[in-house]
Structures are given as structure tokens and as C-alpha cells.
Amino acid sequence: MVFGWRRKNARKKQQSTSNMELLIPNHFICPISLDLMKDPVTLSSGFTYDRSNIEAWLQAGNFTCPVTNQILTSFDLIPNHNLRKMIQDWCVENSKFGIQRIPTPRVPVSPTQVSDVLSSLAASTRSLDQYECLDLVQKMKKWGNESERNRCCIVDNGASAVLASTFNAFATDSFERNANILEEILSILDWMFPLDVESQIYLGSQASLRCMLWFLECRDLSSKQNSIVALKELLSSDQQHAEALAIIEGVNEVLFRFIKDPICPKITKASLTVIFCLLSSPSSSEKIKSAFVKMGLVSLLIEMIIDSERSTCERALGVLDRLCDCEEGREEAYNNCLTWPVLVKKILRVSELATEYSVSCIWKLNKYGRKEKVLVEVLQVGAFQKLVLLLQLGCGDETKEKTTELLKQMNPYRNGLECIESVDFKNLKRSF
């Protein structure tokens with residue numbers, strides 16, 4: 001009985017302790033977020049805030065102290081080490097309540113430190129000192145990995161242009177010999193997009209483009225990801241870079257392999273975007289379109305569209321729409337039994353952009369090819385109802401014009417045709 005009474009009282013005591021509300025001392029709380037401060041800093045007004053919150057306040061264009069509303073005489077953020085140590089001690093004392101000790105924050109990098117490193121990097125680049133440049137680049141990478149604030153400081157001080165210039169210099173010298181420094185630069189540039197014009201010029205040089213293509217062919221997964229993302233950002237920003245990449249031998253084959261044998265979703269999506277930019281290039285698009293069609297890209301895209309998630313589906317439909325601009329691409333689409341059910345099904349199913357591309361593909365296949373066959377085929381898979389609904393819901397002017405034209409041409413063929421509202425793609429694919 002005694003032991004049972006003790007156990008019962010112990011359970012009650014434990015329960016009452018767990019239900020106690022832990023009160024945080026007021027001077028440990030940030031006046032902005034009302035949360036426990038992790039990196040307290042003091043303003044010129046004498047009030048202390050959590051660094052991330054007061055930085056966001058100042059970056060939003062505020063020039064006053066949030067508590068007193070007085071104009072700040074200085075924007076310097078002075079670390080309050082004593083308060084931070086008090087908060088850490090309090091966390092340790094209350095660890096039994098599940099409170100974790102806040103880590104000691106790293107000192108943020110200053111613009112002066114970044115400028116000094118960039119100056120040294122530029123000087124070492126002129127002498128092509130790979131090891132010195134590698135140390136400096138890794139130092140910036142370490143700063144960037146410590147906090148988002150450090151990344152912003154590095155970018156704001158013009159690091160992208162210096163890094164792109166260094167990349168171009170070492171790429172011009174040798175891909176193989178300078179692979180380490182080149183890979184490190186790409187890994188940093190990955191969180192600096194979009195790049196400014198000067199950075200784009202260096203990264204869009206023939207030497208830089210050929211180096212990134214070499215990475216896509218010969219290096220590991222991380223280098224492939226960084227290279228294809230850099231190409232995607234570069235080509236999306238300026239069509240001239242697409243024309244420069246298009247003349248490099250072997251680029252089409254490399255991009256096609258990423259679609260045919262996917263490595264990871266990130267590379268697949270970026271590859272589709274790069275292909276789309278290449279196909280949109282006015283100077284060499286016809287030749288590139290024909291090359292991709294002969295490789296079998298049309299069939300791969302149609303199969304990819306069936307089960308892919310939204311962003312991949314949009315990109316694949318965009319590339320298919322560009323391939324339908326050439327006669328070879330339309331012929332491949334005609335001969336694929338999945339073309340019509342796939343395109344019709346994606347209307348109003350994925351996104352507004354996917355709908356625009358789907359309607360555009362059908363319109364091109366109808367306008368520039370076997371008009372009667374196209375109209376009969378799309379009617380059989382329920383295109384008329386979908387297009388009418390699209391007009392009712394609303395769409396862009398160009399899509400509206402194409403949809404209206406298709407509906408007018410479909411109308412005479414509607415009588416006597418069985419419309420399939422839903423299509424079993426797997427069974428349909430097996431039957432052919």
C-alpha cells in the first residue's frame with residue numbers, strides 16, 4: 001500500500017510539473033517577434049532585438065527604432081554578448097522542460113572582408129594561381145553556408161562578376177587541369193542567380209559554355225546539376241546565349257540523354273528548359289529541331305507528359321510545342337497514338353501554361369498538316385467539350401483565337417463520332 005501511494009503521488013507530481021507554463025523573462029524576448037532571442041544585438045537607441053528581425057526591419061526601408069519610433073543615428077548592430085550568455089544559461093537551467101540551448105552565433109561577414117577576398121581573387125586570377133583562388137573561393141563558400149545574411153552580403157558586393165570572370169579565365173586555360181576550382185565556382189554561383197549582365201558575359205563565353213558542357217558529360221552528379229542549372233539561368237536571361245550554345249558540337253546529344261535516361265528531377269527540368277531555349281533561337285532553331293526529332297524526342301516527351309508532375313509537364317509541353325513548328329516534328333506527333341489523348345487530357349488539367357501549350361500543339365498539327373485526320377482524332381477523345389469549357393472559363397487572347405478556330409473547324413465533323421471522356425493511357429499504349 002505504501003509503495004502504491006508513493007507511485008500515485010509521484011505520477012501526480014510529474015503531471016503537475018509538465019502542465020506548468022514556462023515563463024520567458026521579458027528581457028530575453030525580441031520586441032519585434034515576441035520570441036526568445038537567439039542573436040541579440042543592440043541599436044543606437046539602446047534597445048536590443050534579435051538580429052534576423054531587426055535586419056528585416058531595416059531592409060524594409062525603416063529608419064526608426066521599432067520600440068521608441070525615434071530616428072536611428074546609426075545602423076550598426078552591436079552584439080549583446082552578456083545578454084546572449086544569460087539566455088544560454090537560462091536555456092540550460094530549463095532543459096528539463098524541453099528548452100534547447102541556443103548556439104553561439106557566428107560573427108557575420110562584413111562588406112570589407114568580402115571586398116578584400118574579391119580583390120585577392122581577381123589578382124590571383126590574373127596569374128592563374130589555382131590553389132590561391134581555390135582557397136579564396138572556398139572561404140566565400142563557407143561564409144555563404146553559415147547564413148543567408150552572409151550570402152546577401154557576398155552578392156551585394158559584386159561577387160558574381162568576379163567569380164564568373166575567374167571561371168572564364170580558368171576555363172580558357174584548361175578544363176581538366178582546373179576542374180576543382182571551376183566546380184567550386186559553379187557551386188557558389190548556384191545561389192547567386194539571377195546574374196547581372198557582366199557576369200552573364202563571362203559565363204556565356206565559348207570557353208565557359210564548353211566547360212559546362214564538359215561537366216555535363218564527364219563529372220559527377222553535383223557538377224552536372226550546377227552546370228545544367230547555370231545553363232538554364234543563362235539561356236533564360238538572354239537568347240544570345242542560346243545561339244552561342246547551339247553551335248557547340250555535342251550539346252544536343254548530351255541534353256537528349258538527360259531526357260531519355262533521367263538522373264534526377266532537377267537535371268531533367270533544367271534540361272527541358274535549356275532545350276526549349278535552344279528551339280526558340282531564331283538563327284538555328286530549324287536545324288536543332290530536326291536533330292532532336294531524329295533522336296526520338298517527340299515520343300519521349302509524349303510519354304513524359306502522361307505521368308509527370310506539374311512543372312515537368314509544363315516544360316515538356318513547351319518543348320513539344322516548339323517541335324511542332326517543323327514538319328518532321330509534326331509527322332512524328334501524327335504517328336504517335338498517344339498524341340491526341342495526351343494533349344486533350346492536359347487541357348484544363350495541369351495549369352494555364354500547360355493548357356496554352358496543349359491548344360497550340362493541336363492548332364499547329366491541324367493548321368499545317370492532316371486537317372481532317374486531326375479534327376476527327378481530337379473529337380474522339382473529347383476535345384470539343386474541353387475547348388468550349390476553356391472559352392467559358394477564359395484564356396489568353398492568342399489561345400482564345402486558336403481555340404475558336406479549332407471549334408469552328410470541328411463542328412462539321414461532330415455528328416456520328418463517339419467522344420471518349422476519359423482515356424486509359426496504359427491500355428491504349430499496349431494496344432498499339
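The environment of CZ in Arg106 is sparse: at most 12 heavy-atom neighbours from other residues, nucleotides or ligands sit within 6.0 Å. The number of heavy-atom neighbours closer than 6.0 Å to CG of Asp156, taken from other residues, nucleotides and ligands shown, is above 12. Crowding of Gln70 atom CD: a count of heavy atoms from other residues, nucleotides or ligands under 6.0 Å exceeding 12. More than 12 heavy atoms of other residues, nucleotides or ligands sit less than 6.0 Å from atom CD of Glu217. No more than 12 heavy atoms of other residues, nucleotides or ligands sit less than 6.0 Å from atom CD1 of Ile71.
Among all heavy-atom pairs drawn from Cys337 and Pro341, the shortest one is O-CD, 3.6 Å. Of all non-hydrogen atoms in Ala246 and Val251, the two that sit nearest each other are O-CG1, 4.4 Å. Residues Thr48 and Pro40 come closest through the heavy atom pair CG2-CB, 3.6 Å. Looking at every heavy atom in both residues, Leu182 comes nearest to Phe175 through CD1-O, 4.0 Å. The two residues Gly204 and His241 come nearest to each other via the heavy atoms CA-ND1, 3.9 Å. Considering every non-hydrogen atom in both Leu375 and Gln409, the closest pair reads CD1-O, 3.4 Å.
The residues Arg257 and Glu253 are annotated as not salt-bridged, no charged nitrogen and carboxylate oxygen being separated by less than 4.0 angstrom. Taking 4.0 Å as the cut-off between side-chain N and carboxylate O, Lys38 and Asp50 do not count as a salt-bridged pair. Between Glu314 and Arg310 there is a salt bridge, since a side-chain N of the basic residue sits under 4.0 Å from a carboxylate O of the acidic one.
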**Prompt:** Given the rule in the side-chain contact (heavy atoms from CB on, under 4.5 Å) test, do Gln380 and Glu377 qualify, once you have shown the distances and angles that lead to the verdict?
**Reply:** CA-CA 5 Å; Gln380 287 179 335; Glu377 291 280 359; 4.1 Å; yes
**Intermediate values then yes/no, side-chain contact (heavy atoms from CB on, under 4.5 Å), Thr64 and Leu72** = CA-CA 5 Å; Thr64 59; Leu72 297 171; 5.6 Å; no
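Side chain to side chain, Arg101 and Ser95 fail the donor-acceptor criterion of an N or O pair below 3.5 Å. Donor-acceptor pairing under 3.5 Å is lacking for the side chains of Asn168 and Ser165. For the residue pair Asp238/Gln200, the side-chain donor-acceptor check at 3.5 Å is not satisfied. No side-chain N or O of Asn226 forms a donor-acceptor pair with one of Ser223 less than 3.5 Å apart. With no hydrogens or angles considered, a side-chain donor-acceptor pair links Thr104 and Gln88 at under 3.5 Å.
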Could you give the side-chain donor-acceptor pairs of residues 263-279 under 3.5 Å, partners two or more places apart or in another chain?
unit_1, atom_1, unit_2, atom_2, d
Thr268, OG1, Cys264, O, 3.1
Lys269, NZ, Glu309, OE2, 3.1
Lys269, NZ, Ser311, OG, 3.1
Ser271, OG, Ile267, O, 2.7
Thr273, OG1, Lys269, O, 3.1
Thr273, OG1, Arg315, NE, 3.1

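Checking side-chain atoms of Ser360 against main-chain N and O of Tyr357 turns up no donor-acceptor pair under 3.5 Å.
Ring geometry for Phe215 against Phe167 counts as perpendicular: the plane angle is over 60°, on a 0 to 90° scale with 30° as the lower cut.
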